[in-house]
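Quick one: the structure is below, and I'll ask about it shortly.
Below, chains carry the letters A, B, ... as their sequence lines are ordered, and counting in each starts from 1.
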There are 2 protein chains.
Amino acid sequence: MARTGRGGRLAEALRSQAGRGDLHAPACPSRGVLDHVTSRWGVLVLVSLLEGTHRFSALRRKVAGVSEKMLSQTLQALEHDGFVRREVHPVIPPRVDYSLTSLGREVAGHVEALTDWIEDSLPRILAAREEPKSRPAPAGRARA
Amino acid sequence: MARTGRGGRLAEALRSQAGRGDLHAPACPSRGVLDHVTSRWGVLVLVSLLEGTHRFSALRRKVAGVSEKMLSQTLQALEHDGFVRREVHPVIPPRVDYSLTSLGREVAGHVEALTDWIEDSLPRILAAREEPKSRPAPAGRARA
DNA sequence: CGGTATCCTCGCCGATACTG
DNA sequence: CAGTATCGGCGAGGATACCG
């Protein structure tokens, strides 16, 4: 890494256009990519597509709870970042298939590792929630 | 009552309290954990703490752009899930240290793998954004 | 079937002020 | 220094209606 000097946040962000990203720089485009990938529905879409190609409606069923609007929006963002491939079949009724690109499979792999860990570790996490913490009494009126 | 039958989303969610989580079930607590971990600031806090113990203000500096309120809120959520340990030192001026628990180090490891990949792959992602997509003309007025 | 456009609500989040 | 309390905007996102 060539040094760019300290305090050059903007320069850092701009340089990252051609080189590596830096999530600690608020202006770096990698922040946007991270937001897409880790978004509420982005995570679930990526993991679902890892199992194979899906139609819009199949995806909607798989990612339970998502609205059409948000699914569409999420897919557009992921397609824009080059993670998702969208194939329109000019038939009646219309059919659109969504699948991961090779770039998408890479990122989805990391996302799945995270989600798998969470699903597996849920018992330990729920157990940890039971333990007493260092924030005992919120002081004052505890409830309205 | 062993079996819950099909379509038992709620039953599924409840059962997961004792067993493995299921992110595809909207009511499963794992959804909440995922939201904490993948939240805007949660990701950056976890990765930062992976480098070692930090004081509140040090963390605030490291995670550039976060407000006191959001940092505090994020830390409380992560502490509640058992990922972050909060240690108050009864001295003047007050001093509070934040560090990862072993559970936290595990999840943070996965998060860091993801963020590292994004930072490294940013050039490829930005390049992919340049390519023509299957959504050529949005039809109608393209601009306001 | 697979979207997009519009409306409207809700809660995220920043700014500010105050406390231990 | 390390927070909590409160207010307010603004944008994410759900509901609905409609189009190719």
Q.
Closer than 3.5 angstrom, by distance alone: can the side chain of Thr101(A) be matched with the main-chain N or O of Gly82(A) as a donor-acceptor pair?
A.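 Judged by distance alone, yes, a pair lies under 3.5 Å.
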- Determine whether Arg20(A) and Asp116(B) make a side-chain contact, defined as any pair of heavy atoms from C-beta on separated by less than 4.5 Å.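 Arg20(A) reaches Asp116(B) side chain to side chain.
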Separation of dG3(C) P from Gln76(A) CD (nearest whole Å):
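Rounding to the nearest Å, CD of Gln76(A) and P of dG3(C) are 9 Å apart.
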Review point. Charged N to carboxylate O under 4.0 angstrom, Glu87(B) versus Arg95(B)?
Key: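 No salt bridge links Glu87(B) with Arg95(B).
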Please confirm whether the shortest side-chain N or O distance from Gln73(A) to OP1 or OP2 of dG3(C) is below 4.0 Å.
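So the side-chain polar atoms of Gln73(A) never come under 4.0 Å of the phosphate oxygens OP1 or OP2 of dG3(C).
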For Glu68(A), is there any backbone N or O sitting under 3.5 Å from a side-chain donor or acceptor partner on Ser72(A)?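 No, because the side chain of Ser72(A) does not come within donor-acceptor range (under 3.5 Å) of the backbone of Glu68(A).
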Leu75(A) CG to dG3(C) P: how many Å, rounded?
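In whole Å, dG3(C) P lies 8 Å from Leu75(A) CG.
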Quickly work out the Met70(B) CE to dA2(D) C1' distance and round it to whole Å.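 For the pair Met70(B) CE and dA2(D) C1', the rounded distance is 17 Å.
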Quick one: is Tyr98(B) getting a side-chain N or O under 4.0 Å of the dG3(D) phosphate, OP1 or OP2?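 For dG3(D), OP1/OP2 do have a side-chain N/O of Tyr98(B) under 4.0 Å.
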For this session: May I ask you to decide if Val96(A)'s main-chain N or O and Arg55(A)'s side chain share a donor-acceptor pair within less than 3.5 Å?
Result: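 No, because the side chain of Arg55(A) does not come within donor-acceptor range (under 3.5 Å) of the backbone of Val96(A).
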**Report entry** Integer-rounded Å distance: dG3(C) C1' and Asp97(A) CG
**Finding:**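 Distance check: Asp97(A) CG to dG3(C) C1' gives 15 Å.
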Residue-level proximity of residues 31-40 of chain A to DNA chain C when a heavy atom falls under 4.0 Å |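 Residues of residues 31-40 of chain A that come under 4.0 Å of DNA chain C do not exist, since none gets that close.
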TODO: Mind running a 4.0 Å heavy-atom check of residues 42-59 of chain B against DNA chain D and sending the residues that fall below it, in number order?
DONE: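 Heavy-atom contacts with DNA chain D come from Arg55(B), Phe56(B), Ser57(B).
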Next on the checklist: Using only atom types and a distance under 3.5 Å, with no angle test, would you say the side chain of Glu119(B) pairs donor to acceptor with the backbone of Ser30(A)?
Outcome noted: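 Not a single qualifying donor-acceptor pair exists.
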Please report the shortest heavy-atom distance between His89(A) and Asp97(A), naming the atom on each side.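 Closest approach of His89(A) to Asp97(A): CE1-OD2, 3.0 Å.
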Taking only side-chain nitrogens and oxygens of Arg60(B), does any of them come within less than 4.0 Å of OP1 or OP2 of dC1(D)?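 For dC1(D), OP1/OP2 do not have a side-chain N/O of Arg60(B) under 4.0 Å.
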Exercise. Hey, which sits more toward the 5' end of DNA chain D by its nearest nucleotide, Arg95(B) or Glu68(A)?
Key: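 First, find each residue's nearest nucleotide; the 5'-ward one identifies Arg95(B).
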Which nucleotide, dG14(C), dC1(D), dC1(C), lies nearest any side-chain atom of Pro94(A)?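 My answer, after comparing the listed nucleotides, is dC1(C).
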- Message: Does dT4(C) have OP1 or OP2 under 4.0 Å away from a side-chain N or O of Ser72(A)?
- Response: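 For dT4(C), OP1 or OP2 has a side-chain N or O of Ser72(A) closer than 4.0 Å.
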Taking the minimum atom-to-atom distance to the side chain of Pro93(B), which one of dC1(D), dT4(D), dT4(C) wins?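 Nearest listed nucleotide: dC1(D).
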- prompt: How would you list, by chain and number, every residue that makes a side-chain contact (heavy atoms from CB on, under 4.5 Å) with Arg40(A), sequence neighbours excluded?
  reply: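 Counting only residues at least two positions away or on another chain, Arg40(A) forms a side-chain contact (heavy atoms from CB on, under 4.5 Å) with Asp35(B).
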Nucleotide dG2(C), atom P - distance to CD of Glu87(A) in whole Å: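 Checked: the CD to P distance equals 14 Å.
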Let me spell it out: for each of Val96(A) and Lys69(A), pick the nucleotide of DNA chain C with the closest heavy atom. Which residue's pick is nearer the 5' end?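 Its nucleotide being nearer the 5' end, the pick is Val96(A).
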Taking His24(B)'s backbone N and O only, do any of them form a donor-acceptor pair with Asp22(B)'s side chain (distance below 3.5 Å, no angle check)?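 Side chain of Asp22(B) to backbone of His24(B): a pair is present.
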Expressed in angstrom and rounded to an integer, what is the separation of Ile92(B) atom CD1 from dT19(C) atom C1'?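 That distance rounds to 14 Å.
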